[in-house]
Amino acid sequence: MRFLLAAALLGAAGLAQAAVQTREIPYQDADGKRLVGYYAYDDAVKGPVPGVVVVHEWWGLNDYAKRRARDLAALGYSALAIDMYGDGKNTEHPADAMAFMQAALKDPEAAAKRFDAGVGLLKLQPQTDKQRIAAIGYCFGGKVVLDAARRGEPLAGVASFHGALVTSTPATPGSVKTKILVEHGAADSMVTPQQVQDFKQEMDAAGASYEFVSIQGAKHGFTNPDADRLSHGEHGGPDIGYNKAADESSWADLQAFFKKIF
């Protein structure tokens, strides 16, 4: 009896110790730009598992992007929140966020190199199955992952949450090699109905495999619990807002999407 009790206690202790592990990893892109990634994995999961790159909102690599990496790790994935701005910088000031985003997007080739550097770093982690890599992005990050799909990145899939749909590098017939999921807020004032229509026409013309989910009543930023606070910040803010139901339904859609592509 004592032996069984001791074994049970030891087993419980082992379960308690298994948890999501995180660490920051400095790295560089092909141009030598210093970047800082935030890596998360569950140490209870054995063997290489699918990897997921997380691309931050226009605010930069903040706590929200890192939390999403942890959420993915808790689901059993090897997750890396990458840095598209450099030095892991982030802000809550809309003017700074706009400047950071515009600087990151002014050269599509440089942006692609930063994304590729993040994918490369994720593949270097021993927990990652290098043959099964996906990418998800929020707001600015949604555009980043969609642009990766447009240029033919060899990924299992990409998912955009309240992401920008416009691009300077549109897909061409046959260029999209990966499956696409778009979770869009129907009440998003930062993405026009014309942009939605243009995106769908672009994907159809390219022969892309994509799913476009329009969520009624959801604004831009609907997955981020900080959106309401940031929209009324001391500096003024964009027209964004958190929507719990939309957050939960889009996350469920992502999990179903991953089950299909992995």
Side-chain angles (χ1 to χ4, degrees), residues 18-23 25 27 37-57 64-84 112 114-139 141-163 171 174-184 203 206-213 215 223 246-262:
V20 170
Q21 304 295 320
T22 65
R23 65 176 181 272
I25 309 175
Y27 64 112
Y38 180 85
Y39 180 61
Y41 69 98
D42 187 339
D43 62 4
V45 178
K46 304 303 180 185
V49 296
V52 184
V53 166
V54 180
V55 189
H56 54 74
E57 297 174 286
Y64 176 65
K66 294 175 181 179
R67 190 205 101 192
R68 284 307 188 187
R70 294 193 298 272
D71 290 343
L72 288 164
L75 293 175
Y77 298 106
S78 174
L80 179 72
I82 68 171
D83 177 10
M84 291 294 294
R114 290 190 188 178
F115 177 82
D116 290 346
V119 173
L121 179 64
L122 178 59
K123 288 182 176 181
L124 287 175
Q125 308 313 308
Q127 294 83 8
T128 305
D129 180 345
K130 300 174 181 59
Q131 305 305 314
R132 294 189 292 169
I133 303 291
I136 71 172
Y138 296 84
C139 178
K143 171 180 169 51
V144 170
V145 302
L146 290 175
D147 280 348
R150 287 174 166 117
R151 64 176 175 267
E153 291 275 359
L155 302 166
V158 304
S160 165
F161 296 82
H162 44 86
S175 69
V176 180
K177 310 298 184 185
T178 182
K179 291 182 172 16
I180 297 172
L181 171 66
V182 176
E183 296 284 333
H184 170 71
M203 292 295 112
S209 174
Y210 75 99
E211 180 181 1
F212 193 100
V213 180
I215 307 173
T223 65
D247 179 19
E248 292 175 350
S249 70
S250 61
W251 191 249
D253 287 347
L254 179 70
Q255 293 179 65
F257 179 65
F258 281 169
K259 285 182 180 178
K260 284 190 268 186
I261 65 173
F262 289 141

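Phe161 CZ to Leu254 CG: the interatomic distance, rounded to the nearest 0.5 Å, is 4.0 Å. Distance check, rounded to the nearest 0.5 Å: CD1 of Ile25 to CG of Asp83 gives 12.5 Å. Atoms CG and NE2, from Asp247 and His162 in turn, are 8.0 Å apart once rounded to the nearest 0.5 Å. Note that the CD atom of Glu57 and the CE atom of Met84 stand 14.5 Å from one another [nearest 0.5 Å]. Interatomic distance, Tyr38 OH to Arg23 CZ, rounded to the nearest 0.5 Å: 11.5 Å. Expressed to the nearest 0.5 Å, how far OH of Tyr77 lies from CZ of Arg132 amounts to 9.0 Å.
Between Gly76 and Val45 the shortest heavy-atom distance is CA-CG2, 4.1 Å. The two residues Ala73 and Asp42 have their closest heavy-atom pair at O-CB, 3.5 Å. Scanning both residues, Lys260 and Glu211, for their nearest heavy atoms gives NZ-OE1, 4.1 Å. Between Ala156 and Phe262, the shortest heavy-atom distance links the atoms CB-CE2, 3.7 Å. Here the closest heavy-atom approach between residue Ala79 and residue Leu72 is recorded as CB-CB, 3.8 Å. Scanning both residues, Ala81 and Ala65, for their nearest heavy atoms gives CB-O, 3.9 Å.
The residue from Leu155, Val145, Leu146 that alone fulfils the side-chain contact (heavy atoms from CB on, under 4.5 Å) condition with Ile180 is Leu146. Tested against Ile133 for a side-chain contact (heavy atoms from CB on, under 4.5 Å), the candidates Leu80, Thr128, Thr178, Val52 yield a single pass: Thr128. Only one option out of Arg68, His56, Lys143 pairs with Tyr138 in a side-chain contact (heavy atoms from CB on, under 4.5 Å); it is Arg68.
Considering only heavy atoms from C-beta on, Ile136 comes within 4.5 Å of Phe258 through its side chain. In this structure the side chain of Lys177 never reaches within 4.5 angstrom of the side chain of Arg151, judged on heavy atoms. Side-chain contact between Ile82 and Arg114: absent, with no pair of heavy atoms (C-beta onward) separated by less than 4.5 Å. Looking at heavy atoms from C-beta onward, Gln127 lies out of side-chain contact with Gln21 at the 4.5 angstrom threshold. Side-chain contact between Val182 and Tyr210 is absent, with no heavy-atom pair separated by less than 4.5 Å. Looking only at side-chain heavy atoms (C-beta outward), Trp251 and Asp71 come within less than 4.5 Å of each other. Using a 4.5 Å heavy-atom threshold, the side chains of Phe257 and Asp253 count as separate. Between Phe115 and Glu153 the shortest side-chain heavy-atom distance falls below 4.5 Å.
In this structure, Ser250 contributes its side chain and Ala246 its backbone to a donor-acceptor pair below 3.5 Å.
Side-chain rings of Tyr39 and Tyr41 approach one another, their centers coming within less than 6.0 Å.
No hydrogens or angles considered: a donor-acceptor pair under 3.5 Å links the side chains of Tyr64 and Thr223.
Within 6.0 Å of atom NZ in Lys179, 12 or fewer heavy atoms from other residues, nucleotides or ligands are found, so the atom counts as exposed in its surroundings.
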